[in-house]
Amino acid sequence: MNHYRGMDVTEHRIEVPLDYARPAGEKISVFAREISTDATLPWLLFLQGGPGGKSPRPGSLSGWLAEAVKHFRVLLLDQRGTGLSTPATRKSLPLRGDFAAQARYLEHFRADSIVRDAEALREHLGIDMWSTLGQSYGGFCTLTYLSLFPQSLERCLVTGGLASLDADPRDVYRATYQRMAERNTEYFSWYPQDFEVLGRIYEHVRHGGDEVLPNGQRVTVPLVQMLGMYLGGNSRVHLLHHVFEEAFIDTPGGPRLSDTFLEALYAQSSFAANPLYALMHESIYAQCSATNFAAEAVLPEFPQFTSHAKTPLLTGEMIFRWHFAEDPALRPLEDVARILAEHEHFGPLYDLGVLAENTVPVAAAVYHDDVYVDRELSLETASRVKGLQAWVTEDFHHDGLGDEGPAIFRRLLAMTNGEDPEAAAKGLSGS
């Protein structure tokens with residue numbers, strides 16, 4: 001155990017089956033970091049967003065974590081394949097064999113396996129029951145946890161992560177395209193000059209601008225559209241304006257995209273640090289059928305997002321085939337991604353009967369204008385999980401937990417405790 005900046009930090013590592021259907025078979029490693037200030041407190045498991053996102057690496061107590069450790073010992077799980085858990089990257093996956101073998105390996109990296117890893121950690125640590133906090137994809141994992149092991153859960157808190165329980169992936173992306181269109185309209189109403197700059201960037205790229213990212217990837221219209229990742233946040237959205245205001249610089253050869261702009265675009269578009277996000281993104285919706293690049297399949301229904309539009313709108317959490325053809329970090333995985341997209345035998349992630357009879361207290365923040373997890377689909381899910389309390393708010397976007405984490409955490413915790421959430425959010429209760 002280490003102690004620094006007011007917190008005790010303990011590392012935990014266990015071996016788990018790659019395939020829980022074959023517990024005596026191959027093992028992989030799963031890592032988690034415990035953060036606490038009082039070892040007598042109950043436990044809270046944090047389920048990170050993603051897929052393919054490693055847990056936070058706190059250097060000090062701040063944000064939601066500073067609030068959480070007042071009530072819990074917090075376990076930050078590196079979901080399998082991420083962080084210090086056995087990694088799954090372009091460099092390690094070839095150890096599995098050919099592309100088909102790599103895809104078979106990754107079939108075991110969805111929410112059901114992540115939840116079983118969490119259960120193995122709970123048993124290893126000798127914990128009878130614990131609470132969970134799931135952000136974004138962590139909320140998807142929470143619904144799987146409630147389906148498989150409700151007896152292990154004392155309460156569940158979810159922020160921006162109520163997955164549709166049975167929607168076709170194409171319908172999920174139809175909803176998110178619509179939300180992204182609305183968010184584009186909102187953003188460019190604040191900064192109409194940025195729409196002009198965006199059009200200028202597209203024209204420059206289309207007509208021989210010959211721009212490349214720091215990794216050597218050619219800048220294209222669809223790549224520029226990935227700046228829409230900024231639109232998913234309350235505070236981050238305004239940072240996009242600073243990206244646009246420094247987009248061009250004069251050079252002896254005429255205006256070029258600035259290094260500042262190219263670095264910002266690289267930060268939003270490269271999957272070098274989390275290739276599982278791209279590889280597994282659509283599989284998180286797959287239940288007994290193939291996804292077949294669902295976001296790409298429905299794109300023609302939204303011509304304002306196609307690269308042929310005069311000034312295409314900015315996209316969000318959509319993964320396309322071109323990502324694997326053009327991103328150097330994903331290029332070695334192009335065939336693996338195709339095989340996963342065509343896979344028709346992913347099993348169900350949720351037990352609708354168990355969720356309908358749920359007895360675990362669940363409180364979920366549903367962000368009214370969330371561009372990544374659609375509000376209406378989330379509320380439909382909330383109606384199908386017995387006892388789930390949904391707090392719908394227009395005050396935050398998908399990054400709410402990072403924006404106003406302490407207040408959101410207090411509110412959700414109070415909801416599961418039967419206390420006044422408004423007072424708790426303001427820090428006026430003991431919840």
Side-chain angles (χ1 to χ4, degrees), residues 44-53 55-56 64 68 74-77 79 82 110-115 117-118 130-150 152-167 169 172 175-176 179 232-233 277 280-287 316-317 349-352 354-355 358 360-393 396-403 405 408-409 411-413 415-416:
L44 175 78
L45 171 69
F46 179 65
L47 294 166
Q48 170 68 28
S55 70
W64 71 264
V74 179
L75 193 69
L76 304 174
L77 170 65
Q79 297 171 15
T82 75
R110 298 202 308 152
D112 49 348
S113 296
I114 292 168
V115 165
D117 292 344
W130 58 7
S131 300
T132 66
L133 169 61
Q135 158 65 14
S136 188
Y137 177 59
F140 292 34
C141 294
T142 300
L143 293 167
T144 300
Y145 213 147
L146 286 165
S147 296
L148 296 178
F149 304 105
S152 301
L153 301 171
E154 185 174 355
R155 67 167 59 76
C156 295
L157 315 179
V158 176
T159 53
L162 287 184
S164 172
L165 298 177
D166 50 18
V172 171
T176 53
R179 295 281 180 226
Y277 178 93
M280 304 300 295
H281 199 269
E282 291 199 353
S283 77
I284 67 178
Y285 304 109
Q287 300 188 88
E317 288 193 332
L349 293 168
Y350 314 113
D351 188 318
L352 303 186
V354 170
L355 294 176
N358 172 64
V360 180
V362 183
V366 177
Y367 305 127
H368 187 273
D369 300 308
D370 197 327
V371 298
Y372 300 144
V373 181
D374 179 70
R375 176 188 72 246
E376 295 304 322
L377 293 176
S378 293
L379 292 178
E380 179 186 358
T381 293
S383 71
R384 299 169 69 181
V385 180
K386 186 176 181 179
L388 188 153
Q389 302 177 73
W391 166 49
V392 182
T393 174
F396 307 102
H397 275 262
H398 197 70
D399 67 346
L401 190 64
D403 189 25
I408 291 174
F409 186 89
R411 176 185 286 269
L412 296 179
L413 183 60
M415 290 167 67
T416 62

query: Quick one: salt bridge (Lys or Arg N to Asp or Glu O under 4.0 Å) partners of R155, sequence neighbours excluded?
result: none
- request: Using the test side chain to side chain donor-acceptor pair (under 3.5 Å), find all partners of Q135 that sit at least two apart in sequence or belong to another chain.
  value: T159
- line: side-chain contact (heavy atoms from CB on, under 4.5 Å) filter on A382, not counting sequence neighbours, yields L162, L388, A390
- prompt: How would you list, by chain and number, every residue that makes a side-chain contact (heavy atoms from CB on, under 4.5 Å) with A163, sequence neighbours excluded?
  reply: F140, L143, Y350
message: If the condition is ring-ring contact (aromatic ring centres under 6.0 Å, His included), which residues does Y277 pass it with, not counting sequence neighbours?
response: F271, H281
message: Could you work out, with side chain to side chain donor-acceptor pair (under 3.5 Å) as the rule, every residue matching Y285, not counting sequence neighbours?
response: none
Residue list, side-chain contact (heavy atoms from CB on, under 4.5 Å) with A286, at least two apart or on another chain: R110, T291, F346
query: Sequence neighbours excluded, which residues qualify as salt bridge (Lys or Arg N to Asp or Glu O under 4.0 Å) partners of E380?
result: R384
Residue of the set L146, T132, L355 for which side chain to side chain contact (heavy atoms under 4.5 Å, CB included) holds with V360: L146
message: Looking at every non-hydrogen atom in both residues, tell me the closest pair between L413 and T416 and how far apart they are.
response: O-OG1, 2.8 Å
- line: Separation between OG (S136) and CG (D370), nearest 0.5 Å, reads 7.5 Å
- request: With sequence neighbours excluded, tell me which residues meet side chain to side chain donor-acceptor pair (under 3.5 Å) with H397.
  value: R183
message: Keeping Q287 on the side-chain end and L165 on the backbone end, is there a donor-acceptor pair under 3.5 Å?
response: yes
query: Where do S283 and M280 land on the side chain to side chain contact (heavy atoms under 4.5 Å, CB included) test, with the steps shown first?
result: CA-CA 5 Å; S283 77; M280 304 300 295; 3.3 Å; yes
- line: Hits for salt bridge (Lys or Arg N to Asp or Glu O under 4.0 Å) against D374, two or more places apart or cross-chain, chain-then-number order -> R179
task: List in chain and number order the residues that pass side chain to side chain donor-acceptor pair (under 3.5 Å) with T142, two or more places apart in sequence or in another chain; answer none if no residue qualifies.
output: none
task: Measure the OG-CD distance between S164 and E376 for me, rounded to the nearest 0.5 Å.
output: 12.0 Å
query: Does a donor on one side chain and an acceptor on the other come within less than 3.5 Å for H368 and T393?
result: no
- prompt: With sequence neighbours excluded, what pairs up with D403 under the salt bridge (Lys or Arg N to Asp or Glu O under 4.0 Å) test?
  reply: none
